[in-house]
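Take a look at the structure below.
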Amino acid sequence: MILENHLHFIAQAPELDKCVAGFKAYTARRIIDQLQRQKAERLLQRLHFAKAAHKRDREYQFWQEGVHAEMILNEAMMRQKLDYIHANPVKRGYVNLPQHWRYSSAANYEGLAGLMEIDV
């Protein structure tokens, strides 16, 4: 589920921390490159300011530091996490129903087509 300032996802991988780090590095580089091509100076200034507290080896900071992973231990916990994730755009008042948020898997879990195929 993607919102304007954060995302949530459920994933499984042998070295999840390395997968997430790779995802963050790749997406940050692509987004920053696009912002530079578009000369989006205000956004680039914000990303430059954001990195000041964390990094010395780069000009911009796109993603928050760290990974906030939580192990899902059972089916009930999986359902609770999915409900929390899917409720985000509703809580923010963007949509009335979770499945109406285009950048969420909520539609998939309702048996509807989503933007991308997922394992439900």
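Heavy atoms only: backbone and side chains are in, while hydrogens, waters and symmetry mates are out.
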Check for a donor-acceptor pair, side chain of [X] on one end and backbone N or O of [Y] on the other, with a separation under 3.5 Å.
| X | Y | answer |
| --- | --- | --- |
| H100 | V95 | no |
| K24 | Q64 | yes |
| W101 | I2 | yes |

- For D83, which of R79, H86, K81 qualifies under side chain to side chain donor-acceptor pair (under 3.5 Å)?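 Only match with D83 under side chain to side chain donor-acceptor pair (under 3.5 Å): R79.
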
Could you give the distance from [atom1] ([X]) to [atom2] ([Y]), rounded to the nearest 0.5 Å?
| X | Y | atom1 | atom2 | answer |
| --- | --- | --- | --- | --- |
| M77 | E70 | CE | CD | 4.5 Å |
| M116 | N108 | CE | CG | 9.0 Å |
| S105 | M1 | OG | CE | 9.0 Å |
| H8 | L82 | NE2 | CG | 11.5 Å |
| I10 | I85 | CD1 | CD1 | 4.0 Å |
| L3 | K91 | CG | NZ | 11.0 Å |

- Give a yes or no on whether L73 and L16 share a hydrophobic cluster (residues Ile, Leu, Val, Met, Phe, Trp, Tyr; joining criterion: side-chain heavy atoms under 4.5 Å apart).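 Yes, L73 connects to L16 through the hydrophobic network.
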
Non-hydrogen side-chain atoms of [X] and [Y] separated by less than 4.5 Å:
| X | Y | answer |
| --- | --- | --- |
| L35 | L47 | yes |
| I118 | F9 | no |
| E15 | D17 | yes |
| H6 | N88 | yes |

Tell me, yes or no, whether the heavy-atom count around [X] atom [atom1], taken from other residues, nucleotides or ligands under 6.0 Å, exceeds 12.
| X | atom1 | result |
| --- | --- | --- |
| E117 | CD | no |
| N96 | CG | no |
| R42 | CZ | no |
| Q34 | CD | yes |
| R30 | CZ | no |
| N74 | CG | yes |

- Task: Could you give me the CA-CA distance, side-chain angles and deciding distance for E41 and R46, then say whether salt bridge (Lys or Arg N to Asp or Glu O under 4.0 Å) is met?
- Result: CA-CA 9 Å; E41 295 304 322; R46 290 182 73 188; over 6 Å; no

What heavy-atom pair brings [X] and [Y] nearest, and what distance separates the two atoms?
| X | Y | value |
| --- | --- | --- |
| I32 | F62 | CD1-CB, 4.3 Å |
| A113 | A107 | O-CB, 4.0 Å |
| V90 | P98 | CG2-N, 3.5 Å |

- Query: Can you find a side-chain donor-acceptor pair between E4 and Y94 that sits under 3.5 Å?
  - Reply: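 A donor-acceptor contact under 3.5 Å links the two side chains.
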
- Task: Show your reasoning for whether side-chain contact (heavy atoms from CB on, under 4.5 Å) applies to D33 and R37.
- Result: CA-CA 6 Å; D33 288 349; R37 280 192 296 277; 3.6 Å; yes

- Parallel, tilted or perpendicular: rings of W63 and F23 (30°, 60°):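 Ring orientation, 0 to 90° scale: tilted.
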
- List the steps and the verdict of side-chain contact (heavy atoms from CB on, under 4.5 Å) for L7 and Y103. CA-CA 10 Å; L7 64 87; Y103 306 102; over 6 Å; no

